[in-house]
Amino acid sequence: MRQYAILRLLLAGFFLYIAWPVIPMAATTMERLFWALWLGFFVLVVGANLSTLLQMTLPPVMEQKELRRSREADNV
């Protein structure tokens with residue numbers, strides 16, 4: 001289900017939109033480490049959802065069950 005990957009990408013983009021103005025205000029090493037890890041996680045989420053969207057990987061288990069159900073309904 002591609003719409004789930006698109007929705008997750010939109011949510012990640014929204015979180016980045018909210019966080020972006022605050023990132024340059026990081027003053028301490030701990031704050032910079034937090035934002036570096038947060039941006040790394042953001043890149044991981046975007047990459048995983050893009051790979052799902054481009055069908056480079058199998059969809060999550062929940063979505064696989066829905067695909068099976070729709071295929072079975074089509075065959076009946």
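The structure presented is a predicted model; accordingly, all values stated were derived computationally and were not measured.
Residue pairs meeting the side-chain hydrogen bond (donor to acceptor under 3.5 Å, both in side chains) criterion with at least one member in residues 40-49, sequence neighbours excluded, are Arg8-Asn49.
Between the OH atom in Tyr4 and the CG atom in Leu7 there is a gap of 8.5 Å [rounded to 0.5 Å].
Residues forming a side chain to side chain contact (heavy atoms under 4.5 Å, CB included) with Val46 (at least two apart in sequence, or on another chain): Leu9, Ala12, Phe42, Leu50.
There is a path of hydrophobic side-chain contacts, each under 4.5 Å, that joins Phe14 to Val43. Linking ILVMFWY residues whenever their side-chain heavy atoms come closer than 4.5 Å, directly or via other members, leaves Met25 and Ile23 in distinct clusters.
Considering only heavy atoms from C-beta on, Phe41 comes within 4.5 Å of Val45 through its side chain.
The two residues Val22 and Ile18 come nearest to each other via the heavy atoms CG2-O, 4.3 Å.
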Indicate every side-chain donor-acceptor pair of residues 29-40 with a distance under 3.5 Å to a residue at least two apart or in another chain.
| residue | atom | partner | partner atom | Å |
| --- | --- | --- | --- | --- |
| Glu31 | OE1 | Ala27 | N | 2.5 |
| Glu31 | OE1 | Thr28 | N | 3.2 |

